[in-house]
Amino acid sequence: MATFLYSIGRFAFRRRRLVTLVWVALLAIAGVGAATASTATSNSFSIPGTEAQRAFDLLEERYPGQSADGASARVVFKAPEGEKITAPENAAEVSSIVKELQDGSDQIASVADPFDKKAPAVSQDGTTAYISVTYDVSSFELTEETRDSLKNAGNDAREGGMTVEIGGDALMVMPETGITEVIGVVVAGIVLVITFGSLVAAGLPLITALIGVGIGVSAITALASVMDLGSTTATLAMMIGLAVGIDYALFIVSRYRAELAEGREREEAAGRAVGTAGSAVVFAGLTVVIALAGLTVVNIPILTKMGLAAAGTVVLAVLVAITLIPAFLGFAGERIVSRKDRKARKAAAEQAAATGEVLVGDAPRDNGGTRWSRFVQRRPVMVLLAGVIGLGVIAIPAASLEMGLPDDGAQPTSTSPRKAYDLLSDGFGPGFNGPLVGVVDLKNSDDQDAVLQRITGEIQKNDHVAIVTPPAPNDAGDTATFQVIPKDRPNSTETETLVHDIRDLGDTLKSEDGAEVYVTGATAMNIDFSEKMNDALLPYLALVVGLAFLLLMVVFRSILVPLKAALGFLLSVVAALGAVVAVFQWGWLGGLFGVEQPGPIMSVMPILMVGVVFGLAMDYEVFLVTRMREAYVHGESPSEAITTGFRHGARVVTAAAVIMIAVFAGFIGSSEQMIKMIGFGLAIAVFFDAFVVRMAIVPAVLALLGKRAWWLPRWLDRALPDFDVEGDKLRKKLDGDAAEGGSGKEERETVSV
């Protein structure tokens, strides 16, 4: 592996113009494809294997012509203080808005008048009413004219003193995150300048990372319509691609500078940097790809597509690192090194020339990394206990984790959807914002009317039910639907219990009457989604950690080092989940992070954190420990190897972690609760893993283990493939070539004399 990558590095350095041209051409092709591709409007969401999905599919089959995934909205009215919404003037105003909405867009499927006697939508106290609006298309396909007509509905009523708020998904748009990405890139640039002391060295990882991300995101955009990629797919790919792209470039550039400091020629330094650091990059990238591609085990199409698309972006980041980075290093010349270091080397060369000494490179110097590693090695037990106990205490809230999906009730209180949500909750009850849709398959039932009466009667007896609407059969009479309004909030445990109670009733009816009862709707889909994510977490974790353990065992030629890496990752992820629960579910320090309404943790959060953080955590592990392994293989003691690893790797890992924390933390400022939670969770997880686990617990454990850390049974050593990640075979080959070259030169000089 190291020898192969060494050849690639030297080739890319020599043929830098060709390599750069190829990558620029790929970027241009991907950009043209994205610019000319049709806009992806589908954001289909399905959960195969769940009852809610089966009911959804049955509705599409038995109710042809009705759009099951069309957008919807509720325009909620509350009468002025002391008045009724049913008063003639107020009722006339609401009815005029119904007519206005009906004429406002050809994308509207129906507009329900709240005063319709067949389906009234007025609260019992007569102060609140709402207009239900449904559309033929999804919220992402609504035109701006349609959105504007909905936004402007009720302006006259507001001027007359009524409160008018709009809820539902019709006005939902993907949140803009561009400013956060800019902030992340700016912070990355500042950190890189501080790390390298050179604008050229700092700019190179940014430029190459942006090229890789540009190709990846453009390709996703170009294929979005064809492959039905959701709008969040490109966002995740951009986030991950930018993260690993900067990390990988940072590592190779840092190793290149270290090779120059040892006196290598520039092309040779590029080859060795790619051969050694590039090997670590390849295996670090493989761990990230495993984590992201492993999302397929969850069997939720949108997550599978997101994971595979992000994994493809990571592969691009690896290819950019081992080819485009050495090409750019060829263009950078001596400017890759800071001016201060260039002056110091020039002065050392002049002194060596004056004294006749041979200049072989800079002597290793102590830095913050070496001082910290020695401190940890002097007090390994204290550091280990402090790290484990500290993260363990922070992880305690994770035991109370409750999962769900956010709704309008999690929006900031200043937004119209949240105000509409609160008005409906106050006027019609907390469960009104999360109605359950019952679907009855009557094909195998003999007495359909009796079955429907029994179903609705039994459901109405449930203590958690507020209202059950009369069943509405389809034209064929083989299917009927009804609504159940719970007494409790949509994301409450009581509503979840109600869903399971109705399904249990359906099992009884199926065995007795042949009718099948399903529960679907947004609330039921959210419950099923949360349960499926919860059930998939442990298998996903076992798959990802198991495969990565095998991979790291090949990389480090050890059993204990990969085991320590996996256990440290689990500790940091559980601690991060504990912090997320404390802030977003319990509300601790919620005001500091803009959490206005504590509630369940987003269902996808644990698996997303496992996938993303595992990849980045293994990056840091590989970056640090491969250099230790390399030093140990080349003759250093275990203690010296730890110090060497921190001398060369601590600054790189610190810089990479600070950049990632800044990128993820930028999303905390979003008004969307989901994005805010993802940003906080990923930022705190990277902080725990990089600075507590990798920089403290890892060296403490290695110091306690000593030589045992690198133990591997002989039979297993022979069975595992040797990819020469630490570059030992490469070094021997290069040293042998140098010796042969030197002998030949001496022989030629002797003959000429």
Side-chain angles (χ1 to χ4, degrees), residues 45-50 52-53 229-230 232-233 235-237 239-240 243-244 287-314 395 397-406 491 525-549 566 569-581 584-585 599-618 660 664 667 672-686 688-689:
F45 181 79
S46 61
I47 316 174
T50 62
Q53 185 63 44
L229 300 178
T232 54
T233 303
T235 302
L236 180 64
M239 186 186 299
I240 304 302
V244 299
T287 61
V288 184
V289 169
I290 287 172
L292 293 171
L295 288 171
T296 55
V297 303
V298 183
N299 194 28
I300 294 179
I302 188 172
L303 284 180
T304 297
K305 294 172 184 177
M306 287 171 62
L308 293 178
T313 308
V314 173
S400 302
L401 174 67
E402 295 178 7
M403 294 199 296
L405 289 177
N491 55 8
M525 290 282 277
N526 290 351
I527 291 171
D528 286 354
F529 180 75
S530 298
E531 290 179 351
K532 184 152 189 174
M533 296 298 289
N534 191 46
D535 293 341
L537 181 58
L538 287 180
Y540 173 69
L541 194 59
L543 173 68
V544 169
V545 174
L547 290 176
F549 177 83
F569 156 73
L570 292 175
L571 184 59
S572 62
V573 165
V574 175
L577 277 176
V580 170
V581 169
F584 290 89
Q585 184 176 311
I601 302 306
M602 185 180 62
S603 306
V604 75
M605 191 70 192
I607 278 187
L608 188 63
M609 284 182 63
V610 168
V612 175
V613 178
F614 181 81
L616 295 177
M618 293 304 103
M660 291 309 100
F664 294 141
F667 290 87
E672 292 288 331
Q673 183 88 337
M674 181 174 66
I675 294 178
K676 187 190 297 289
M677 191 182 298
I678 290 175
F680 174 84
L682 295 181
I684 199 73
V686 170
F688 288 156
D689 197 272

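Computation of the quantities below employed the complete heavy-atom set of this structure, encompassing side-chain atoms and omitting hydrogens, waters and symmetry-equivalent molecules.
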Roughly how far apart are [X] [atom1] and [Y] [atom2], rounded to 0.5 Å?
{"X": "L295", "Y": "L543", "atom1": "CG", "atom2": "CG", "result": "10.0 Å"}
{"X": "L303", "Y": "I607", "atom1": "CG", "atom2": "CD1", "result": "7.0 Å"}
{"X": "F584", "Y": "M602", "atom1": "CZ", "atom2": "CE", "result": "10.0 Å"}
{"X": "N491", "Y": "N526", "atom1": "CG", "atom2": "CG", "result": "9.0 Å"}
{"X": "L608", "Y": "M677", "atom1": "CG", "atom2": "CE", "result": "11.5 Å"}
{"X": "L401", "Y": "L537", "atom1": "CG", "atom2": "CG", "result": "9.0 Å"}

Mind listing the closest non-hydrogen atom pair of [X] and [Y] along with its distance?
{"X": "P606", "Y": "M403", "answer": "CG-SD, 3.5 Å"}
{"X": "F664", "Y": "V686", "answer": "CE1-CG2, 3.9 Å"}
{"X": "G681", "Y": "V580", "answer": "CA-CG2, 3.7 Å"}
{"X": "A311", "Y": "L292", "answer": "N-CD1, 3.7 Å"}
{"X": "P48", "Y": "P301", "answer": "CD-CD, 3.6 Å"}

Side chain proximity check, V297 to V544, heavy atoms < 4.5 angstrom: no
Sequence neighbours excluded, which residues qualify as side-chain hydrogen bond (donor to acceptor under 3.5 Å, both in side chains) partners of T313? none
Could you pull out all residues at least two apart from S603 that satisfy side-chain hydrogen bond (donor to acceptor under 3.5 Å, both in side chains)?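 With sequence neighbours excluded, S603 shows a side-chain hydrogen bond (donor to acceptor under 3.5 Å, both in side chains) to S530, given in chain and number order.
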Could you pull out all residues at least two apart from [X] that satisfy ring pair (Phe, Tyr, Trp, His ring centres under 6.0 Å)?
{"X": "F688", "value": "none"}
{"X": "F614", "value": "F569"}
{"X": "Y540", "value": "none"}

Closer than 3.5 angstrom, by distance alone: can the side chain of D528 be matched with the main-chain N or O of A52 as a donor-acceptor pair? yes
Check whether any side-chain N or O of Q585 sits under 3.5 Å from a backbone N or O of E402 as a donor-acceptor pair, and report yes or no.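 Pair found, side chain donor or acceptor close to backbone of E402.
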Evaluate the side chain to side chain contact (heavy atoms under 4.5 Å, CB included) criterion for residues L682 and V613: first the C-alpha distance (whole Å), next the side-chain angles of each, then the deciding distance (0.1 Å), finally the verdict. CA-CA 7 Å; L682 295 181; V613 178; 3.8 Å; yes
Quick one: which residue pairs count as a salt bridge (Lys or Arg N to Asp or Glu O under 4.0 Å) with a foot in residues 531-548, not counting sequence neighbours? none
